Participant: 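Sharing a structure with you now.
Source: prediction; values computed, not measured. When a residue number appears, it is its place in the shown sequence, counting from 1.
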Amino acid sequence: MNLFETEFLFCVLSGFFLFHSLSRISEETKRSDLLFQWTMITVFGFVLTETLKKWGIHSEIWNTDSIFVYITKSNLLLFLSYVSFEERIFDFSPFRRIFVSVFLYLFWVSLLFGIYFFQKTILVQDNTLILPFAISLGAFVWMREMFWNLDGGKEQILGEDNLRFVYLSFLPAAFLVLSPWKVDVQFFKQVATILMYGTSSLVGFLFVSKLKKEMVPTSAETGIWIGALAFSVCLGTEILVVLPLAFFSGIFGRLIYSYLSSISWSASGIRGVVSFLYPSVLGIFLPFFLAEPSGWVHSPYVLLGVQILYFLSFYLAASFCFGIILLNKQK
């Protein structure tokens, strides 16, 4: 499969993110409104990027050189923008909703440049560069749960969400289209490895659910995100070593899910923390246990400081942006 075919494939896969998000919205008018906003943001972003290119302003991180890569990135960032708030986004008035949507989109675009800075300047132990997305999204979900309680403490009703969306559980791999090595012949082997990590954590997640005789909504999706995100930093490590650890990470993730449920967190908040924040914290420290010291990009203590800085930079940036958005929330 050549580069063009790879880009087209991941463009299609990224569309499932948006389809999945729309399918979970309870009202048709809200779905139509959100779809219109997403279309306008994507088109406006394309026109703006092309205009800047005509003026000689061009970036390797965000450009329209490949229409499929542009749409893929845009779809993924729109998905992240929606998941940051989910149906709470409709608590804003129409004008503020547009402002918040554009602000979030620009935040995720700027995140790409932050990733590039760490990748090229400071160097971090993160093979696929997926962690910043998980860290930032986890921060949004955590802050949302702390400072934006649902009216009456009740979970908002989601649209139909059943097993036909299990395929979406395998789409963490779509983020790999952002990686600089997608032209490598080993690319799809790396994708398959990440999916194996996710499947192993899913088994651990479901194992606890079976013991407790208590199944949770979107368990397949949540369970796979844990392993796929956390162990993406360990590509190249012996897979027989990683799979048992991924299994136990799924078990612990299910226990966290139970604890958060016991203290009356919303279902979307629990899902977000367990799917994104928990595995991103694991991913920050896993290289110390699974990567060979000869492959570390820094000496041990320097690497520890860099990894913690890596986490805090994106976590605090996301928290700051959430605070700005919270100022626009109607009382």
Side-chain angles (χ1 to χ4, degrees), residues 3-116 129 132-133 136-137 140 159 168 171-180 182 317-318 321-322 324-325 328:
L3 177 59
F4 178 83
E5 292 170 333
T6 301
E7 292 173 347
F8 176 75
L9 172 63
F10 279 84
C11 180
V12 174
L13 288 177
S14 67
F16 287 128
F17 276 96
L18 301 189
F19 174 71
H20 184 60
S21 299
L22 289 171
S23 69
R24 300 173 77 167
I25 297 176
S26 54
E27 298 178 19
E28 179 63 33
T29 54
K30 291 181 178 179
R31 284 197 292 268
S32 300
D33 180 59
L34 199 61
L35 184 60
F36 174 76
Q37 285 188 33
W38 285 348
T39 303
M40 293 305 298
I41 289 173
T42 300
V43 172
F44 177 76
F46 181 85
V47 172
L48 179 61
T49 305
E50 278 289 291
T51 302
L52 293 175
K53 184 178 179 180
K54 297 295 184 183
W55 291 346
I57 303 174
H58 183 269
S59 171
E60 294 297 326
I61 306 300
W62 187 260
N63 57 63
T64 57
D65 293 347
S66 169
I67 186 62
F68 293 127
V69 172
Y70 173 81
I71 294 176
T72 298
K73 290 181 179 180
S74 185
N75 285 347
L76 293 174
L77 301 190
L78 288 169
F79 165 77
L80 292 170
S81 299
Y82 174 72
V83 175
S84 301
F85 286 89
E86 294 200 342
E87 288 209 52
R88 288 175 175 86
I89 193 72
F90 297 107
D91 289 347
F92 293 109
S93 64
F95 176 77
R96 288 182 176 181
R97 192 184 312 143
I98 294 173
F99 168 78
V100 169
S101 297
V102 173
F103 182 84
L104 281 171
Y105 188 78
L106 293 176
F107 166 76
W108 291 110
V109 171
S110 66
L111 193 73
L112 293 173
F113 292 88
I115 295 171
Y116 184 79
L129 306 178
F133 299 104
S136 301
L137 187 54
F140 268 106
L168 187 75
L171 290 181
F175 282 104
L176 296 182
V177 78
L178 303 175
S179 68
K182 62 178 179 292
C321 289
F322 180 90
I324 294 175
I325 293 172
N328 288 275

Participant: Where do T29 and D33 land on the side-chain contact (heavy atoms from CB on, under 4.5 Å) test, with the steps shown first?
Facilitator: CA-CA 6 Å; T29 54; D33 180 59; over 6 Å; no
Participant: Start with the C-alpha gap between Y82 and E87, add the side-chain angles, then the distance that decides, and say whether side-chain contact (heavy atoms from CB on, under 4.5 Å) holds.
Facilitator: CA-CA 8 Å; Y82 174 72; E87 288 209 52; 3.6 Å; yes
Participant: If you define the side chain from C-beta out and look only at heavy atoms, does anything of F113 sit under 4.5 Å from S59?
Facilitator: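 Answer yes - side chains close enough.
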Participant: Would you say that L129 contacts Y116 through its side chain, given a criterion of any heavy-atom pair below 4.5 Å between the two side chains?
Facilitator: no
Participant: What distance separates I325 CD1 from S84 OG, expressed to the nearest 0.5 Å?
Facilitator: 7.5 Å
Participant: Is there a donor-acceptor pair closer than 3.5 Å between any side-chain N or O of K73 and the backbone N or O of I61?
Facilitator: yes
Participant: Is Q37 close to I98 at the side-chain level, that is, under 4.5 Å between some pair of heavy atoms?
Facilitator: yes
Participant: Ring centroid separation for Y70 and W62, is it under 6.0 angstrom?
Facilitator: yes
Participant: Might you work through the ring-ring contact (aromatic ring centres under 6.0 Å, His included) test for F44 and Y105, ending with a clear yes or no?
Facilitator: CA-CA 12 Å; F44 177 76; Y105 188 78; 9.5 Å; no
Participant: State, to 0.1 Å, how close A318 and S136 come at their nearest heavy-atom pair, and which atoms those are.
Facilitator: CB-O, 3.6 Å
Participant: Do other residues, nucleotides or ligands put more than 12 heavy atoms under 6.0 Å from the CZ atom of F90?
Facilitator: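 Count over threshold, so yes.
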Participant: Can you name the closest pair of heavy atoms from L111 and P132 and give their distance?
Facilitator: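 Between these two residues, the closest heavy atoms are CD2-O, 3.9 Å.
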Participant: Can you classify the ring geometry of F140 versus W108 as parallel (below 30°), tilted (30 to 60°) or perpendicular (above 60°)?
Facilitator: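 Ring orientation, 0 to 90° scale: tilted.
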Participant: Could you tell me whether the side chain of N75 reaches within less than 4.5 Å of the side chain of F17, counting heavy atoms only?
Facilitator: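 No, every pair of side-chain atoms sits at 4.5 Å or beyond.
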Participant: Who passes side-chain contact (heavy atoms from CB on, under 4.5 Å) against L52, sequence neighbours left out?
Facilitator: L48, W55, I57
Participant: When rounded to the nearest 0.5 angstrom, what is the spacing between CZ in R96 and OG in S101?
Facilitator: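 Reported value, rounded in 0.5 Å steps: 14.0 Å.
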Participant: Can you tell me if S110 uses its side chain to pair, donor with acceptor, with the backbone of F107 under 3.5 Å?
Facilitator: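 Flag set: sc S110 to bb F107 pair under 3.5 Å.
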Participant: Quick check for you: to the nearest 0.5 Å, what is the distance between L13 atom CG and T72 atom OG1?
Facilitator: 8.5 Å
Participant: First locate atom CD1 of I71, then atom CZ of F68, and finally report the distance between them rounded to the nearest 0.5 Å.
Facilitator: 7.0 Å
Participant: Give me the atom names and distance for the closest heavy-atom approach of T49 to N63.
Facilitator: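 It is CG2-CA, 3.9 Å.
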Participant: Using a 4.5 Å cut-off on heavy atoms from C-beta on, say whether the side chain of F133 contacts that of L77.
Facilitator: yes
Participant: Can you tell me which residue pairs pass the salt bridge (charged side-chain N to carboxylate O under 4.0 Å, His left out) test with a partner in residues 44-66, sequence neighbours excluded?
Facilitator: K53-D65
Participant: Is there a donor in the side chain of S74 and an acceptor in the side chain of T42, or the other way round, less than 3.5 Å apart?
Facilitator: yes
Participant: Mind listing the closest non-hydrogen atom pair of F92 and R97 along with its distance?
Facilitator: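 Scanning both residues, the minimum pair turns out to be O-NH2, 3.3 Å.
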Participant: Could you check whether any side-chain N or O of R31 sits under 3.5 Å from a backbone N or O of I25, counting only pairs where one atom can act as donor and the other as acceptor?
Facilitator: yes
Participant: Does the gap between the ring centers of F322 and F85 come in under 6.0 Å?
Facilitator: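 Ring-ring flag for F322/F85: true, centres closer than 6.0 Å.
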Participant: Identify the two heavy atoms, one from S81 and one from L104, that lie closest to each other, and give their separation to 0.1 Å.
Facilitator: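 So the two residues come closest at O-CD1, 3.4 Å.
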Participant: Starting at OG of S21, measure out to CG of L35 and round the result to the nearest 0.5 Å.
Facilitator: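 Nearest 0.5 Å value for the OG-CG distance: 11.5 Å.
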